[in-house]
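Values in this document were obtained by computation on a predicted structure and should not be read as measured data. Keep in mind that the numbers below use all heavy atoms, side chains included, and drop hydrogens, waters and symmetry copies. Letters go in sequence order (proteins before strands), and every chain restarts at 1.
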Amino acid sequence: MTATEISDETLMALADGELGREEALELRARFARDPELAARYALFVETRALVQEPVSRVSSVTSDPLAETIMAADRVLEGGASGQLDDNRPRLGVIKGGAALRDHRTDANARRIRVAARWSLPMAAALVFILGNVAGYLLAPGTRPDSMSPTAGILVMPAAQETLNRALARTASGQEVAWSDQAPRLSGRILIVSSHRLDDGTVCREYQVSARDEGQGTIVGASCRRDGQWRTEIALTAAGAGSAYTPASGMAAVEDYLTNRGSSGPLAAEDERALIDRGWR
Amino acid sequence: MPSAFAEDLVALLPRLRRFALSLAGSAVEADDLVQAACERALRARDQWVPGTRLDSWVFRIMQNLWIDGIRKRRTEGVAQAIDGTFDIQGEDGRLVTEAAVTLDEVRFAMNGLPDEQRAVLLLVCAEERSYQETADRLGVPIGTVMSRLARARRSLASTLRLDGGQATRDTTQAGFS
């Protein structure tokens, strides 16, 4: 059967929620094989949506979790659009809480580190988005927006994110895993650098995420285990084209961060192994 | 201060979510679509024409992402999670310049419809009545409701130049970076 045998009325009924579950699933399965059919369908979804007049902007804050992410990306874009970053802005940002980082602005080695906004604009925006689950951390309570660097530098593509979560749970320090997304350009490696235990008992892991493609640089970061999940605590991106960058400077900054948070240094391999085996509990 | 654009986008989120759910049919895929479309919209904000409907612009972006995602998966013949299929980075550098639709244009297009078509369109799409309710209300068979409704929407799409969207999509380069 070809797509032309599916009537507009049927497509429209799906768009209007009038089809039964079985029929709807069958039709949707067909979309996956037939983009033209999907496009015909989309037109009915679109016309329905257009007829519903836009409601005037609500002043109350929306509770949509994506809202904060959009605002964070907006700051990156607004800040980055000028092409020049304010030099008074911290170059390194702590995403949430933690002790203040020492000022790296005069540290020649740290000059290479940039927040995502300095990277490349499209990438910065993409990055901010992709770690949606971390977005909440960007807006630390009590942080004045103007003092926040667009640290949004939270990095990683969805595929990398998944791989990272797996690697954080299971991979020993010093080991590397590969991640790849469908598009050939989206692939790279994740190196787990070390594990730490903070004064308050929280366990954290430091890592590097690299993308294979030139210009995508390397991200160094640390995630800590909170409420049974790994949360990105700090993430820094390398400036510009990857070649000029050595992750070492970024790692130093991440280690500073962990030290400030109360780590007394990387855990021994056997302690780490025990934690991996216990699922970090 | 967040930009007005970002605020408007946030205000649209509930409708974008509904739109995505209608398109994709699954909540997971809809989430990814909304996120990808918002990201794309933010990046392409300069291409949005002030005075036109932001909702329709983002709807169109989302539609294109959805259909592109299908195309891509089909050509590559791999079944996998949807989040791997979106062109997050705009890898081909293409950003779509979408059909700009104003509120007035939509009203105008609707006013140009025959009364009986406009009636079903409003009942089903604006008031969200079912086909059966609409049929009962208007005292016509459900088949009549459906054929009028389909005609009304094809006509609306054509007046608003929505139907050519896929074919005539602008291939402007991204222009960032």
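Interface remark: B/M146 contributes backbone and side-chain atoms alike to the contact with chain A (heavy atom separation under 4.5 Å). The part of B/V106 that comes within reach of chain A is its side chain, from C-beta onward, which places non-hydrogen atoms under 4.5 angstrom from that chain. Both the backbone and the side chain of B/F19 come within contact range of chain A, judged by heavy atoms closer than 4.5 Å. In this structure, the portion of B/L21 lying under 4.5 Å from any heavy atom of chain A is its backbone and not its side chain. Residue contact with chain A, scored on non-hydrogen atoms closer than 4.5 Å, involves the backbone and the side chain of B/L149 alike. Looking at B/R151, neither its backbone nor its side chain comes within 4.5 Å of chain A, counting heavy atoms on both sides. Both the backbone and the side chain of B/S147 come within contact range of chain A, judged by heavy atoms closer than 4.5 Å. In this structure, chain A has a heavy atom under 4.5 Å from the backbone of B/A24, while its side chain stays farther away.
Applying the side chain to side chain contact (heavy atoms under 4.5 Å, CB included) test to B/I142 and every residue at least two apart in sequence or in another chain returns B/Y131, B/Q132, B/A135. For A/A32, there are no side chain to side chain contact (heavy atoms under 4.5 Å, CB included) partners two or more places apart in sequence or in a different chain. Under the side chain to side chain contact (heavy atoms under 4.5 Å, CB included) criterion, B/R137 pairs with B/L123, B/E127, B/R129, not counting sequence neighbours.
In this structure, the side chain of B/R15 engages the main chain of A/A49 through a donor-acceptor pair within 3.5 Å.
Here the straight-line distance linking atom CD of A/E46 with atom CG of B/L23 works out to 9.0 Å at 0.5 Å rounding. Taking CG of A/L50 as the reference point, atom CG of B/L162 lies at 6.0 Å (rounded to 0.5 Å). Here the CD-OH distance, from B/Q63 to A/Y41, works out to 10.5 Å after rounding to the nearest 0.5 Å.
Contact between B/A126 and A/Q52 at its shortest, heavy atoms only, is CA-CG, 4.3 Å. Heavy-atom minimum distance, A/L43 versus B/R60: CD1-NH2, 4.3 Å. Of all non-hydrogen atoms in A/A42 and B/W66, the two that sit nearest each other are CB-CZ3, 4.3 Å. Nearest heavy-atom pair, B/R153 versus A/T47, reported as atom, atom and distance to 0.1 Å: NE-OG1, 3.1 Å.
Scanning residues 9-20 of chain A against chain B with a 4.5 Å non-hydrogen threshold yields A/E9, A/M12, A/A13, A/A15, A/D16, A/E18, sorted by number.
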